[in-house]
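Report on the structure given below.
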Amino acid sequence: MAVFRFMRSRFLALTSTLLTMAVMLLVNFTHVLPAQAAASAAAVGRTFSQQYSPPKAYDSAELTGEDFSGQELRTAEFANANLNGANFTKANLEGAVFSASAIADATFHQANLNQAMMDTIRLMRVDLSDAILTNAMLLRTEFRDVNIAGADFTDAILDKYQLKQLCAIANGTNSVTGVDTRESLGCR
């Protein structure tokens, strides 16, 4: 019986991971098509390397205390990175991927995390105040002692436990989108 429960839990975890990946691919694929069509029309006569720049990758990087404030980090990848104390204030992290990274005592104040993905992340003492997390995929992300005042979570993918936890501390209105934090989470 214990073996069956173990196998069932592993199957559910794998299914959840595959579903998360499929949704992110779908969201990113449909978001990029119009931009690619416009870019390819303007790129005639340019080499491939001039037309395409791969996303910035910070895989397994030691980025403790790094200052990314105001930087353009669209689709950047932070896998297994140490981001403790990092500053992402007003950074554009649209479509960025954070996976299995340590993030404590960091700030994402007024950061654009639209369509970002955070998978297996523990956010501890992180400032998400006035951040834009619209359409973000936040499954398996832990929120511990976070500041979400004014954060916009409209259409973000969260589980029921995360919603309950965040609704308990939600307050404020996002200064860019004008959306109330509690309303964006669907709090009652």
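Using a 4.5 Å cut-off on side-chain heavy atoms (C-beta onward), Leu158 and Leu185 make contact. For the pair Val176 and Gln110, the minimum side-chain heavy-atom distance is 4.5 Å or more. At least one side-chain heavy atom of Phe68 sits under 4.5 Å from a side-chain heavy atom of Leu63. Within the 4.5 Å cutoff, no side-chain heavy atoms of Asp119 are placed close to those of Met137. Looking only at side-chain heavy atoms (C-beta outward), Leu83 and Phe88 come within less than 4.5 Å of each other. Side-chain contact between Phe78 and Ile103: absent, with no pair of heavy atoms (C-beta onward) separated by less than 4.5 Å.
Between the side chain of Gln162 and the backbone N or O of Thr141, at least one donor-acceptor pair lies under 3.5 Å. Judged by distance alone, the side chain of Ser101 and the main-chain N or O of Ser99 form a donor-acceptor pair under 3.5 Å. The backbone N or O of Phe153 sits less than 3.5 Å from a side-chain atom of Ser184, completing a donor-acceptor pair. At distances below 3.5 Å, at least one donor-acceptor pair connects side-chain atoms of Asn174 with backbone N or O atoms of Ala131.
With 3.5 Å as the limit, one finds a donor-acceptor pair spanning the side chains of Asn82 and Asn84. There is no side-chain donor-acceptor pair under 3.5 Å between Asp152 and Thr134.
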### Task
Applying side chain to side chain contact (heavy atoms under 4.5 Å, CB included), run through Phe108 and Leu133 and close with a yes or a no.
CA-CA 10 Å; Phe108 289 84; Leu133 295 117; over 6 Å; no
### Trace of the side chain to side chain donor-acceptor pair (under 3.5 Å) decision for Gln115 with Asn135
CA-CA 5 Å; Gln115 293 187 341; Asn135 300 301; 5.7 Å; no
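In plain terms, the two heavy atoms of Ala156 and Leu138 that are nearest each other are CB-CD1, 4.3 Å. For the pair Ile121 and Leu123, the tightest heavy-atom approach, listed with the atom from each and the gap, is CG2-CD2, 3.6 Å. The two residues Arg182 and Arg188 make their nearest non-hydrogen contact at NH2-O, 3.1 Å. A pairwise comparison of heavy atoms in His109 and Thr107 identifies N-OG1, 3.3 Å as the closest pair.
Screening Ile169, Asp130, Asn171, Asp127 against Ile148 for a side chain to side chain contact (heavy atoms under 4.5 Å, CB included) leaves a single residue, Ile169.
Transitive grouping of hydrophobic side chains (ILVMFWY, heavy atoms separated by less than 4.5 Å) keeps Met124 and Val126 in distinct clusters. Side-chain heavy atoms closer than 4.5 Å link hydrophobic residues (I, L, V, M, F, W, Y) into clusters, and following such links, even through other members, never connects Leu139 to Met118.
Here Asp145 does not pair with Arg125 in a salt bridge; the nearest charged N to carboxylate O distance is not below 4.0 Å.
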